[in-house]
Amino acid sequence: MTRAWMRTVFDVQAIRQDFPILSRRVHGKPLVYLDSAATTQKPRAVIEALVHFYEHQNANIHRAIHTLGEEATAAYEETRAKVSRFINAPRPENIVFTRSATEALNLVASAWGRANVRQGDEIVLTQMEHHSNMVPWQRLAQEVKATVKYIGVTDEGTLDLSSLDDIITEKTKLVSVTQVSNAFGTINPLGKIIAAAHRRGALAVVDAAQSVPHMPVDVQAMDCDFLAFSGHKMLGPTGVGVLYARYELLEAMQPYQSGGEMISRVRLEGATWNDVPWKFEAGTPNIAGVIAFGAALDYLSALGMDNVRAHEQELTAYALGRLRRLEDIISYGPQDPSQRGGVVSFNYPDIHPHDVGTILDRQGVAIRGGHHCAQPLMRRFDIAGTARASFYIYNTLEEVDALVEGIEKARAFFSHDR
Ligand code: C6P
């Protein structure tokens with residue numbers, strides 16, 4: 001197979017050396033990790049940052065008056081500044097650390113939603129949302145007697161914007177949309193949707209769990225009001241999420257959780273709140289995780305997010321081309337790689353995606369099979385789930401070949417079975 005067209009945007013083999021786990025074997029085969037949309041592997045720099053913190057700096061933050069506490073606080077706040085630069089937020093105070101993208105979205109639904117969404121109001125989502133960007137809004141709507149409306153999905157797996165002006169109306173209080181579908185990889189035209197929301201006076205929330213790790217994201221250019229993502233999907237440790245919000249919104253919002261850290265003064269009669277963003281970070285946060293997330297941001301910044309995007313687009317184009325040549329396979333989402341992230345999602349008509357995943361695992365190839373926490377999207381396509389391979393900076397074209405060989409084996413195995 002000729003690969004003369006491959007543009008080498010960075011040295012993938014050198015990158016692979018930075019990821020200790022990539023040298024392990026699974027069922028006697030070299031690990032081919034194609035499940036980065038679920039969580040990415042971690043480079044040595046991130047693992048070492050965790051160890052360094054616990055070996056040299058471990059202390060609680062924002063309260064200690066000793067050296068360790070001061071160093072830990074400075075390192076934690078430095079990551080906040082790095083996050084704000086990474087997504088071009090106006091200032092570090094726009095960034096709230098949470099446990100996950102899920103918690104960031106729940107924070108908005110709870111702290112902003114309960115105060116601003118009333119009976120008869122409308123919340124607009126899409127049919128392709130991850131459950132984390134659907135269930136919190138459904139619960140809010142049920143609680144305050146608001147209505148949830150959905151932007152539909154075309155047969156190609158893109159958003160159907162033909163009746164956008166009927167869906168987003170003067171009753172709409174908030175529109176919350178994923179930038180990239182975790183299930184199909186579709187990149188959504190956020191500019192159009194955010195502009196429509198703002199024209200009607202509604203706020204725009206972006207679920208960026210599958211975009212910030214994979215492409216340059218500029219919250220000011222995007223003009224969103226809130227944006228959520230997770231550190232573990234971009235080389236960082238689990239247990240760290242990010243909520244970006246416009247400063248005035250954070251100032252006007254009531255706290256999400258209460259307790260230590262988030263207060264200014266507490267009396268028996270009541271309490272006043274800390275400044276933004278700390279009023280949204282009650283209790284001891286994941287200090288080591290946030291600091292190590294800073295190392296992940298350094299790693300990605302050094303590669304350049306344009307390069308990350310170009311690399312994934314190349315892998316995706318190659319994978320789509322190879323999948324197209326497999327008989328009977330159904331591949332979901334737009335076929336144009338420029339309209340999708342580093343995800344390919346597919347099915348054989350008579351084989352359950354879990355079975356495809358199990359056979360691939362025997363070849364050392366890790367993919368995800370199932371509904372990908374997007375059950376309404378699966379229902380729209382009348383399927384139980386899909387098999388999904390998702391790429392990142394450390395994946396190679398040879399690994400795409402290993403995927404396709406594994407798929408062919410699964411196909412042969414189950415044809416034999418029939
Ligand atoms: N998607 C996947 O395999 P958390 O779990 O909070 O870090 O991320 C939630 C989330 C929110 N939005 C989107 C678009 C996502 O893809 C995810 C996580 C994983 O696709 C786990 S289901």
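As the structure is a prediction and not an experimental result, all values here were calculated from the model. Read the numbers this way: they start at 1 and go in the same order the structure lists the ligands and their atoms. All heavy atoms count here, side chains included; hydrogens, waters and symmetry mates do not.
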Engineer: Within the distance-only criterion (no hydrogens, no angle test), does the side chain of His372 pair as donor or acceptor with the backbone N or O of Gly370 below 3.5 angstrom?
Structural biologist: yes
Engineer: Can you name the atoms of ligand 1, numbered from 1 with element, that are less than 4.0 Å from a heavy atom of Asn182?
Structural biologist: 1 (N), 2 (C), 16 (O), 20 (O)
Engineer: Output the list of atoms in ligand 1 that are nearer than 4.0 Å to some heavy atom of Cys373, sorted by atom number.
Structural biologist: 22 (S)
Engineer: What atoms in ligand 1 come closer than 4.0 Å to a heavy atom of Gln210?
Structural biologist: 1 (N), 14 (C), 15 (C), 16 (O), 20 (O)
Engineer: For ligand 1, is there an atom lying under 4.0 Å from some heavy atom of His232?
Structural biologist: yes
Engineer: Walk me through whether Trp137 and Ser176 qualify under side chain to side chain contact (heavy atoms under 4.5 Å, CB included).
Structural biologist: CA-CA 9 Å; Trp137 305 114; Ser176 191; 3.6 Å; yes
Engineer: Do ligand 1 and His372 have nitrogen or oxygen atoms that lie under 3.5 Å from each other?
Structural biologist: no
Engineer: Only heavy atoms count here, so choose which of Glu129, Glu103, Arg368 is nearest to atom 22 (S) of ligand 1.
Structural biologist: Arg368
Engineer: May I ask you to check whether Phe280 and Phe97 place their ring centers less than 6.0 Å from one another?
Structural biologist: no
Engineer: Check this for me: Arg362, atom CZ, are more than 12 non-hydrogen atoms of other residues, nucleotides or ligands nearer than 6.0 Å?
Structural biologist: no
Engineer: Relative to the heavy atoms of Ala101, which atoms of ligand 1 are at a distance of less than 4.0 Å?
Structural biologist: 6 (O), 8 (O)
Engineer: Determine whether the side chain, the backbone, both or neither of Ser132 has a heavy atom under 4.0 Å from any heavy atom of ligand 1.
Structural biologist: side chain
Engineer: Would you find a donor on one side and an acceptor on the other, under 3.5 Å apart, between the side chain of Asp225 and the backbone of Val205?
Structural biologist: no
Engineer: Tell me if the NZ atom of Lys149 is crowded by more than 12 foreign heavy atoms within 6.0 Å.
Structural biologist: yes
Engineer: For ligand 1, is there an atom lying under 4.0 Å from some heavy atom of Asp207?
Structural biologist: yes
Engineer: Cation-pi between Arg411 and Tyr348: NZ/CZ under 6.0 Å from ring centre and within 45° of the ring axis?
Structural biologist: yes
Engineer: Atom 7 (O) of ligand 1: which of Ala183, Ser230, Ala209 has the nearest heavy atom?
Structural biologist: Ser230
